[in-house]
J.: 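Pasting a structure here, questions to come.
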Amino acid sequence: MPLVDELAAAGVGPGRLLGVAIADEVGLAAGGQRWNASVDDLAGVDAALHPRWTWWGRSTAVVGLRLSACWDVAAVHRLLVGGVADEPALVWATTFGLALDGLPADGQLDFVNAGTADGDEDDPVRPDGYVRPDWVGDGWHRDVDRPARWAEVAVRCAERQRAQLDALDAGGDPVLTAWSESAAELLCAELEVEGLPIDVDVADELITAIAGPRPRDEADATRLRAERDRRVTQWARDVDLRNPGEVRELLARIGVDVPDTRSWRLEPLRDSHPLVAALLDWRKAERVATTYGHSWLAAHVRDGRLRGRWSGSDGAAGRMTAQAGLHNLPAELRPAVVAEPGHAFVRADLGQIEPRVLAVVSGDAELARAGAADDLYAPVAQRLGVERSVAKVAVLAAMYGQTSGTAGEALRGLHRGYPVAMRYLDDAYERGRAGRDVRTHGGRLVRMPALGTGLDESGVRAAQGGRGRYARNALVQGAAAEFFKMWAVTVRARLAPLDARIVLCLHDELLVHVATADADEAAALLRSCLDETAQRWQRERTAVRFVADISTIQRWSQAKA
DNA sequence: TCGGTCACGTA
DNA sequence: CGTACGTGACCGAG
């Protein structure tokens with residue numbers, strides 16, 4: 001019987017979990033049965049049955065086939081319990097409630113469990129319930145039958161996770177979040193392969209203009225570095241510009257007294273002395289020279305693509321992160337991000353995403369009404385009876401916890417005008433302060449760190465305040481990240497028929513590299529996917545609009561600010 | 001060699 | 001005393 005029929009007979013169908021693990025052999029598992037298959041089989045199975053492909057994580061995932069629905073056990077684990085640890089043995093033990101201090105480690109004799117650890121070595125789960133340590137890593141593909149067995153336990157884990165998600169008390173839909181977080185991992189894997197198109201010649205010119213030419217050798221590098229330094233050290237010999245302490249003393253000598261030498265602090269004093277201006281310009285050049293210079297280009301750009309590692313949900317709030325400078329490329333270098341011949345970029349960035357998200361997750365009907373406007377701050381300003389700019393600062397201050405500055409009066413207005421949203425933020429702050437974990441709208445657990453030891457009373461207060469701001473911010477930023485990823489993976493799925501790829505995700509911005517002929521269609525898709533995501537994510541409880549600025553451009557720098 | 005601090009890039 | 005992240009230089013402890 002053909003594979004598709006066998007799978008269908010075993011109950012595999014749309015949305016049903018189908019375990020898969022890819023090594024030299026491709027193992028499949030569903031409904032208590034296991035199969036070996038080839039990579040070529042998978043696209044056909046996907047098209048015919050639309051299963052939810054279930055894998056342990058990216059190392060067992062299928063990259064390149066653009067499968068759409070998946071369940072990433074590692075990603076869902078991080079959603080359920082927070083943090084970044086997601087190794088299969090730990091995930092399994094956590095999911096099934098096994099003691100983590102009994103977690104067996106590979107390569108060490110386990111005398112305590114020696115009697116119970118035997119059993120069938122071709123079963124990835126030991127009699128005592130733990131995953132065999134010699135199966136993790138690459139142990140699961142040492143034998144032709146193992147990938148299917150490895151896929152089978154991934155499905156068992158996923159089913160248990162599903163039940164836990166169903167039981168979660170979160171404002172949103174944790175299962176929906178699990179689906180999109182899983183797809184986001186797949187997107188990350190594809191982003192790592194795809195890379196961001198870079199015109200290396202343009203990049204080279206920009207870097208040279210800012211930081212100087214590419215050093216020929218070590219000695220040349222030293223000479224060029226000294227040359228850069230001289231623009232500042234002409235004012236004061238023998239000062240180590242890379243030593244903030246020395247720089248601060250130097251500034252004091254010319255009458256500039258600052259607590260630290262950060263550029264935002266020095267910028268207002270730029271014209272007070274030529275040295276300050278020279279120092280600020282030097283810092284700018286030095287940043288490019290050291291972090292985004294010729295060595296960065298050589299290390300991370302190959303074949304006209306900037307590639308780095310991508311993480312689907314990192315840190316506290318579960319934002320995506322990227323390495324190799326993909327997320328912090330200085331604006332001056334963005335002209336080097338150029339679409340390839342016959343292609344264009346479609347760029348889309350969400351507008352006012354965090355206050356809109358707050359309106360949904362807090363369930364504040366009044367803020368949701370404001371969120372129905374193209375410009376959310378306009379109705380807020382009207383309600384508060386203040387200038388738009390004041391309203392904006394107040395809303396941002398409320399979300400981020402700023403207490404200094406001039407937001408005070410408007411902040412009180414916010415409490416009166418939007419009590420539900422403000423209470424949501426205050427509750428998060430209080431929970432964090434007290435050290436209680438919080439869960440985002442989509443169900444991600446954000447664990448509060450323990451207070452440091454040896455703190456005095458004011459130290460404790462400061463640490464608690466920090467934790468409160470952390471929790472409050474995590475709920476807004478985290479929900480925004482969940483919304484963004486749902487949008488991104490929807491776009492990913494809908495773009496599949498086109499000659500188009502997402503090449504960058506930047507918290508509220510998507511960059512799609514697309515054949516020129518498909519650019520208009522891609523732009524329309526970004527818009528319709530946003531509407532679709534807005535519907536699905538907030539269901540019908542509120543009517544917040546989610547807006548995006550979408551443009552078709554040749555280079556990233558052409559995007560309007 | 002390592003973690004902490006400073007600094008600065010992005011959102 | 002607004003948050004998150006990645007990166008690199010430097011410092012001081014080990």
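Each chain gets a letter, A, B and so on, in the order its sequence line appears, and its residues count up from 1.
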J.: When the distance from CG of L510(A) to C1' of dA11(B) is rounded to whole Å, what number comes out?
T.: 13 Å
J.: dC6(B) P sits how many Å from N243(A) CG, rounded?
T.: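 Nearest whole value for this atom pair: 12 Å.
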J.: Taking the side chain of Y400(A) as its heavy atoms from C-beta onward, which of dG9(B), dC5(C), dG2(C) lies nearest to it?
T.: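 The closest nucleotide is dG2(C).
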J.: Students often get this wrong, so: under 4.0 angstrom with heavy atoms, is A316(A) touching a base, only sugar-phosphate, or nothing?
T.: sugar-phosphate
J.: Do the side chains of M320(A) and F484(A) get nearer than 4.5 Å, heavy atoms only?
T.: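 Counting from C-beta outward, F484(A) and M320(A) do come under 4.5 Å.
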J.: Please lay out, stage by stage, how E267(A) and R283(A) fare under the test salt bridge (Lys or Arg N to Asp or Glu O under 4.0 Å).
T.: CA-CA 12 Å; E267(A) 199 60 53; R283(A) 282 257 178 85; over 6 Å; no
J.: Please figure out whether R461(A) or Y470(A) has its closest DNA chain C nucleotide nearer the 5' end.
T.: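 Mapping each residue to its closest nucleotide by heavy atoms, the 5'-most match is R461(A).
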J.: Could you tell me whether a side-chain N or O of R467(A) sits under 3.5 Å from a main-chain N or O of G432(A), the two making a donor and an acceptor?
T.: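 Checking the backbone N and O of G432(A) against the side chain of R467(A), a donor-acceptor pair under 3.5 Å is found.
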J.: Check the distance between dG9(B)'s C1' and L333(A)'s CG and give it to me in whole angstrom.
T.: 10 Å
J.: Please state whether the phosphate of dC8(B), meaning OP1 or OP2, lies under 4.0 angstrom from any side-chain nitrogen or oxygen of R283(A).
T.: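 For dC8(B), OP1 or OP2 has a side-chain N or O of R283(A) closer than 4.0 Å.
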J.: Is a side-chain N or O of H327(A) found less than 3.5 angstrom from the main chain of C505(A), in a donor-acceptor match?
T.: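 Here the side-chain-to-backbone pair exists.
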J.: Consider the side chain of R319(A), meaning its heavy atoms from C-beta on, and name the nucleotide among dA4(C), dC6(B), dG6(C) that approaches it most closely.
T.: dA4(C)
J.: Is the phosphate of dC8(B), meaning OP1 or OP2, less than 4.0 Å from a side-chain N or O of N328(A)?
T.: no
J.: Pick base, sugar-phosphate or nothing for L329(A), based on heavy-atom distances below 4.0 Å to the nucleic acid.
T.: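 L329(A): backbone/sugar contact only, no base atoms under 4.0 Å.
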J.: Which part of the nucleic acid, if any, lies within contact of Q477(A), taking any heavy atom under 4.0 Å across all strands shown: a base, the sugar-phosphate backbone alone, or nothing?
T.: base
J.: What nucleic acid atoms does R287(A) come within less than 4.0 Å of, heavy atoms only: base, sugar-phosphate, or nothing?
T.: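 Base contact.
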J.: Picking from dA11(B), dC1(C), dG6(C), which would you name as closest to the side chain of T321(A)?
T.: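 The nucleotide sitting nearest to the side chain is dG6(C).
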J.: Between dC6(B), dA11(B), dG9(B), which nucleotide has the shortest distance from any of its atoms to the side chain of R262(A)?
T.: dC6(B)
J.: Roughly how many Å is it from CG in L411(A) to P in dG2(C), rounded to a whole number?
T.: 12 Å
J.: Which residues in residues 75-85 of chain A have a heavy atom closer than 4.0 Å to any atom of DNA chain C?
T.: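 Output list: empty, so none.
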J.: Do Q538(A) side-chain atoms and V360(A) backbone N/O form a donor-acceptor pair below 3.5 Å?
T.: no
J.: Report yes or no: does Q382(A) contribute a side-chain atom to a donor-acceptor pair with the main-chain N or O of R388(A) at less than 3.5 Å?
T.: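 No; judged by distance alone, with no hydrogens or angles, the pair does not exist.
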J.: With heavy atoms under 4.0 Å as the rule, sort R334(A) into base, sugar-phosphate or nothing.
T.: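 The residue R334(A) makes sugar-phosphate contact but no base contact.
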J.: Check this for me: does any side-chain nitrogen of one of D426(A) and R433(A) sit under 4.0 Å from a carboxylate oxygen of the other?
T.: no
J.: With heavy atoms under 4.0 Å as the rule, sort A474(A) into base, sugar-phosphate or nothing.
T.: nothing
J.: Rounded to whole Å, how long is the line connecting atom CH2 of W310(A) with atom C1' of dG6(C)?
T.: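 Atom-to-atom, W310(A) to dG6(C), this comes out as 12 Å.
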J.: Does R469(A) have a side-chain nitrogen or oxygen under 4.0 Å from the phosphate oxygens OP1 or OP2 of dT3(C)?
T.: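 Checking R469(A) against dT3(C): at least one side-chain N or O falls below 4.0 Å of OP1 or OP2.
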J.: Between the side chain of R447(A) and the main-chain N/O of V81(A), is any donor-acceptor distance below 3.5 Å?
T.: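 It does hold such a pair.
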J.: Of the options dA4(C), dG8(C), dC11(C), whose atoms approach the side-chain atoms of T291(A) most closely?
T.: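 Nearest to the side chain of T291(A) among the choices is dG8(C).
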J.: Roughly how many Å is it from CG in D260(A) to C1' in dG4(B), rounded to a whole number?
T.: 16 Å
J.: Round to a whole Å and report the spacing from CG of L506(A) to C1' of dG6(C).
T.: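 Going from L506(A) (CG) to dG6(C) (C1'), I get 13 Å.
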J.: Run the side chain to side chain contact (heavy atoms under 4.5 Å, CB included) test on S551(A) and V346(A) for me, step by step, so that the C-alpha distance in whole Å, both residues' side-chain angles and the decisive distance to 0.1 Å come before the verdict.
T.: CA-CA 6 Å; S551(A) 51; V346(A) 178; over 6 Å; no
J.: Between dC6(B), dC10(C), dT10(B), spot the one nearest the side chain of A331(A), thanks.
T.: dT10(B)
J.: Work out how far the C1' atom of dG4(B) is from that of dG2(C), and round it to whole angstrom.
T.: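 Each nucleotide's C1' atom is 23 Å from the other's.
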J.: Whole angstrom is fine here: how far is it from CD in Q323(A) over to C1' in dA4(C)?
T.: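 Interatomic distance, CD of Q323(A) to C1' of dA4(C): 15 Å.
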J.: Ignoring backbone atoms, test whether T290(A) places a side-chain nitrogen or oxygen under 4.0 Å from the OP1 or OP2 oxygen of dA9(C).
T.: no
J.: Looking at T261(A), I'd like to know whether one of its side-chain N or O atoms comes within less than 4.0 Å of OP1 or OP2 on dA7(B).
T.: yes
